[in-house]
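This report refers to the structure that appears directly beneath it.
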Amino acid sequence: MKSLSLNEKHKDFFQQVFEVVKLIPKGRVTSYGAIARYLSSASASRMVGWAMNTSHTHENVPAHRVVNRNGLLTGKAHFSPPSLMEELLKAEGIEVREDKIVDFEKYYWDPTEELKL
DNA sequence: AGCTTGACTTTGA
DNA sequence: GTCAAAGCCAAGC
């Protein structure tokens with residue numbers, strides 16, 4: 001697979017979401033809105049969540065690194081065991097308390113800032 | 001073919 | 001600070 005689209009500019013929204021999610025560095029997290037805004041508009045953040053729902057068809061999609069803008073593990077309920085998301089984050093050195101990422105801003109990874117240009 | 005729901009965000013009151 | 005409403009695109013009924 002190539003990195004980001006150079007020739008291929010016509011991809012499905014979901015596919016683009018998956019690419020960005022895959023590009024999230026280990027030990028980092030991002031928000032649905034950040035991805036949505038990077039792709040198009042921030043309001044499309046719902047589609048990112050929707051895409052994650054279909055992410056089960058993709059293997060290398062670290063959905064556990066994607067949380068809402070509050071740093072809350074909103075999608076944890078959708079994991080095989082709901083606690084898996086928290087476990088995966090902790091395994092990467094991210095501290096989680098009450099289903100919420102501690103020092104979220106510290107681990108926050110914004111594609112519009114990191115992948116710009 | 002049309003309406004409802006959804007792992008969300010932003011803006012306004 | 002909280003609460004309510006609009007916006008976005010796709011899948012499901």
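The chains referred to below are lettered A, B, ... by the order of the sequence lines, with proteins before strands, and numbering in each begins at 1.
- Checking the phosphate oxygens (OP1, OP2) of B/dC8, a side-chain nitrogen or oxygen of A/Thr74 falls inside 4.0 Å.
- Nucleic acid contact class of A/Asn53 (heavy atoms, under 4.0 Å, all strands): base.
- Remark: the backbone N or O of A/Thr112 is paired with a side-chain donor or acceptor of A/Asp110 at under 3.5 angstrom.
- The listed nucleotides are C/dC9, C/dC8, B/dA7; the one nearest the side chain of A/Ser43 is C/dC8.
- Between the NE2 atom of A/His78 and the P atom of B/dT5 there is a distance of 16 Å, given to the nearest Å.
- Pair assignment for B/dT5 gives C/dA10, based on Watson-Crick or G-U wobble hydrogen-bonding distances that are each under 3.5 Å.
- Proximity of A/Arg46 to the phosphate of B/dT5: no side-chain N or O atom is located under 4.0 Å from OP1 or OP2.
- Using C1' as the reference atom, C/dC3 and B/dA7 are 22 Å apart when rounded to the nearest Å.
- Distance OH (A/Tyr32) to C1' (C/dC9): 17 Å, rounded to an integer number of Å.
- Residue A/Phe13 contributes atom CZ, which lies 14 Å from atom C1' of B/dG6 at whole-angstrom precision.
- For the pair A/Ile35 CD1 and B/dC8 C1', the computed distance is 11 Å after rounding to whole Å.
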Worked verdict on A/Tyr107 versus A/Glu92 for side-chain contact (heavy atoms from CB on, under 4.5 Å): CA-CA 11 Å; A/Tyr107 301 111; A/Glu92 296 185 354; over 6 Å; no
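- For A/Asn68, the listed nucleotide lying nearest its side chain is B/dT9; candidates were B/dT9, C/dC8, C/dA11.
- Among the protein residues, A/Ser40 comes within range of no part of the nucleic acid, since none of its heavy atoms lies under 4.0 Å from any strand.
- In this structure, A/Phe14 reaches the sugar-phosphate backbone alone: every heavy-atom distance under 4.0 Å involves primed, P, OP1 or OP2 atoms, never a base.
- With respect to A/Arg28 and A/Glu114, no salt bridge is recorded, no charged nitrogen being found less than 4.0 Å from a carboxylate O.
- Residue contacts shown for A/Ala51 are absent, as no nucleic acid heavy atom lies under 4.0 Å away.
- Pair assignment for C/dA5 gives B/dT10, based on Watson-Crick or G-U wobble hydrogen-bonding distances that are each under 3.5 Å.
- Between A/Phe79 and A/His64, the ring planes are perpendicular. Angles over 60° get that label, and only those under 30° would be called parallel.
- Residue A/Glu86 contributes atom CD, which lies 19 Å from atom P of B/dA7 at whole-angstrom precision.
- Under a hydrophobic-cluster definition in which Ile, Leu, Val, Met, Phe, Trp and Tyr are linked whenever side-chain heavy atoms come within less than 4.5 Å, directly or via other members, A/Val61 and A/Trp109 are assigned to the same cluster.
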